[in-house]
Amino acid sequence: MDDDILNTIFDSAIKNKNIIKNRRVLTIDYVPDKLLFRTKESTAIAQSLSVILKNGRPSNLLIFGKPGTGKTAVVKNVIEHLHNKTNQLDINLRFPFINAKNSNTPYKILYEIAEFLGINKEEKKMQVFFTGLSMSEATDRILDFIKRKSIKIVLVIDEIDSIVNRKGDDILYNFTRANERISSDQFISLIGISNSLTFKDKLDPRVKSSLSEEELVFNPYTVEQLKQILIDRCKLAFYENAIPMGVINLCAAIAGRETGDARKAIDLLRVAAEIAERSMTKKITEDHIRSAQQKIDSDTNFEILTNSTLHTKIVILSIIKSKNGSTGEIYGIYQYFCSRLEQEPLTQRRMTQIVGELDQLGLITTNIINQGRYGRTQRIKLHIHISSVKEVVKNDPLLSSFIKDISN
DNA sequence: ACTCCACAGGAATAACCGGGCG
DNA sequence: CGCCCGGTTATTCCTGTGGAGT
C-alpha cells in the first residue's frame with residue numbers, strides 16, 4: 001500500500017518531464033551568455049577593463065545597484081570574455097572573485113585570494129595559511145607572489161559593503177595602495193560590487209577616492225524588461241508550451257511591483273515550476289505562480305518571525321489580538337501578555353519603534369489616523385497570514401500556550 | 001477659533017552585548 | 001582574564017500635530 005504510493009511518486013517523477021528542461025538555468029548562480037538590457041553597463045565595464053589589452057592598468061571600479069539588477073552577472077560575463085582574450089594574447093591576468101558576505105573576515109578574504117591564485121602550491125614559507133599569519137604578512141606574501149610571477153590582477157569583491165561595516169577598510173586600503181609597491185607591468189585593480197547606494201559614505205576617505213575612480217549604477221529592471229528576461233530564460237529552462245505568456249506576464253508584474261528584482265522573478269518561476277511538476281500537470285498556470293509566491297512569502301515571513309526576539313513576537317501577538325489596532329490598545333494587550341509571561345514590558349516608545357521595524361519588514365501595515373478629539377494614533381494591521389504566526393508560536397516553547405489566544 | 005486628546009517620532013542618553021586585544 | 005570599543009537595544013524626555021468637540 002505504502003509501496004504503491006511511493007512508486008507512483010517516483011514513477012511520475014520519471015515520466016513527468018514535461019515542464020523543466022534545464023533546472024540549472026533557474027538557479028541563482030547561473031550566468032546567461034548575453035544579458036538583456038545591460039549592454040550599456042557591460043560596455044562601460046569592458047571599456048574600462050580594455051586598457052589591460054593595451055598593457056595599461058584599469059581604474060578601480062565601484063558598482064552600485066539594488067539586489068537582482070544583474071551586477072554580479074554582468075561583471076562575471078565581461079570578465080569571462082576578457083579572460084578569453086587575455087589567454088589568446090598571453091597576458092597573465094587573474095581575476096579572483098570573492099564574495100565578501102561568505103568570507104566575512106578580512107583575513108578570510110586574503111586567504112581566498114591566495115587560494116585562488118594558487119599560492120599554496122608554492123614553497124611552504126611563501127604560502128598563506130588558513131590561519132596563523134598576521135594580516136600584513138599575508139598581504140606581503142600575496143604581493144610578493146604577484147611580483148615574482150608578474151601577474152596582473154583584477155580583484156572582484158562582491159557585496160563589498162559587508163566588509164566595510166566590519167572594520168575591513170584596511171584590506172581595501174592595502175589593495176588600492178598595493179600598486180605603489182609593485183612594478184609597472186603588474187597591477188592590482190579592484191572592482192567592488194555593492195548593494196547599498198550609501199555605502200560610499202561609510203568608507204574611509206583615503207580608500208574612497210582611490211576605490212571609486214570610476215563608478216557605475218545599475219538601475220532596477222522595468223516590468224517590461226523583466227518580462228523579456230523571463231521569456232529568454234524560459235526558452236532554456238522549460239519545454240515548449242509548458243509556460244503560457246500570461247504566466248510570464250504575471251511573474252514579471254509581481255517582481256516588478258516590488259523592486260524590479262530579476263532574481264526574485266526567476267525564483268518565482270522556479271518554485272512555481274516545482275509546484276507544477278509535483279501536481280503532475282503539463283503546464284505552469286497562474287495559480288502555480290500565486291502559490292509559489294505564497295510559499296516564498298510565508299517561508300521568508302516564517303524565517304523573520306522565528307529569528308525575532310521574544311518581545312517582537314509578543315507585539316505581533318498583541319496586534320493579532322487587538323480589535324482596532326491603535327497603539328494604546330496594542331500596548332495594553334502587550335503589557336497583559338508580558339505579565340502572563342512574567343516579563344518586564346518594554347516602554348511604549350520602544351514598542352512603537354518595534355512596530356515601525358515590523359512595518360519595514362512588511363509583516364504589518366501601519367496608517368496614521370487622526371481622530372480629532374480622540375487623538376492621533378496608528379492603525380496597525382497584520383499584513384501576513386495568521387497561519388505563519390501560529391506556526392512560529394507553536395514552535396516557541398515560551399509562547400506555545402498563547403496559541404489559543406489568537407485562534408479566534 | 002481654540003482646546004486638547006493620544007499618540008508620533010526625534011534627540012540624548014544609558015544599558016547591554018559580542019568581539020578583539022594586550 | 002579584564003578591558004575597551006563599536007554597535008544595538010531600550011529608556012527618558014521631549015516637541016509636534018490634525019481635527020472632533022466645544
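Naming convention: chains lettered A, B, ... in sequence-line order (proteins, then strands); numbering from 1 in each chain. What you see below is based on every heavy atom in this structure, not just the backbone, and it leaves out hydrogens, waters and symmetry mates.
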Next on the checklist: Can you measure Q360(A) atom CD to dG9(B) atom C1' for me and round it to whole angstrom units?
Outcome noted: 14 Å

Polar atom pairs (N or O), protein with nucleotides 10-14 of chain C, under 3.5 Å:
| residue | atom | partner | partner atom | Å |
| --- | --- | --- | --- | --- |
| dA10(C) | OP2 | R350(A) | NE | 2.8 |
| dA10(C) | OP2 | R350(A) | NH2 | 2.7 |
| dT11(C) | OP2 | T347(A) | N | 2.8 |
| dT11(C) | OP2 | T347(A) | OG1 | 3.0 |

Checklist entry - Can a donor-acceptor pair be found between the side chains of T366(A) and D359(A) at a distance below 3.5 Å? => result yes

Checklist entry - Under 3.5 Å, is there a donor-acceptor pair between the side chain of R233(A) and the main chain of V25(A)? => result yes

Checklist entry - Hey, does the side chain of Y374(A) come within less than 4.0 Å of dG19(C)'s phosphate (OP1/OP2), counting only N and O? => result no

Checklist entry - How are the rings of F116(A) and F95(A) set relative to one another: parallel (under 30°), tilted (30 to 60°) or perpendicular (over 60°)? => result tilted

Item to check | Ring-face cation of K76(A) near F97(A) (centre distance under 6.0 Å, axis angle within 45°) | outcome: yes

Next on the checklist: Strictly below 4.0 Å, N to O, side chains only: are K321(A) and E329(A) in salt-bridge contact?
Outcome noted: no

Checklist entry - How close or far is atom P of dA20(C) from atom CD1 of I369(A), stated in whole angstroms? => result 11 Å

Checklist outcome for this item: Between CD of E357(A) and P of dT9(C) the distance, given in whole Å, is 7 Å

Checklist entry - How many Å lie between CG on D359(A) and P on dA8(B), as a whole number? => result 12 Å

Checklist entry - In terms of the nearest nucleotide of DNA chain B, which residue is placed more toward the 5' end: T327(A) or G372(A)? => result G372(A)

Checklist entry - Is any side-chain nitrogen or oxygen of T352(A) closer than 4.0 Å to OP1 or OP2 of dC7(B)? => result no

Checklist outcome for this item: Atom CG of N370(A) and atom P of dT17(C) are separated, to the nearest Å, by 11 Å

Next on the checklist: Using whole Å, what does the distance between atom C1' of nucleotide dA8(B) and atom CG of N367(A) come to?
Outcome noted: 14 Å

Next on the checklist: Is it the case that the side chains of H385(A) and S387(A) hold a donor-acceptor pair, with the cut-off being a distance below 3.5 Å and no angle test?
Outcome noted: yes

Next on the checklist: Whole angstroms only, please: what is the CG-P distance between N324(A) and dA6(B)?
Outcome noted: 13 Å

Checklist outcome for this item: Rounded to whole Å, the CZ-P distance (R379(A) to dG18(C)) equals 18 Å

Next on the checklist: If I compare all heavy atoms of Y331(A) with all of L346(A), which pair ends up nearest, and what's the gap?
Outcome noted: OH-O, 2.6 Å

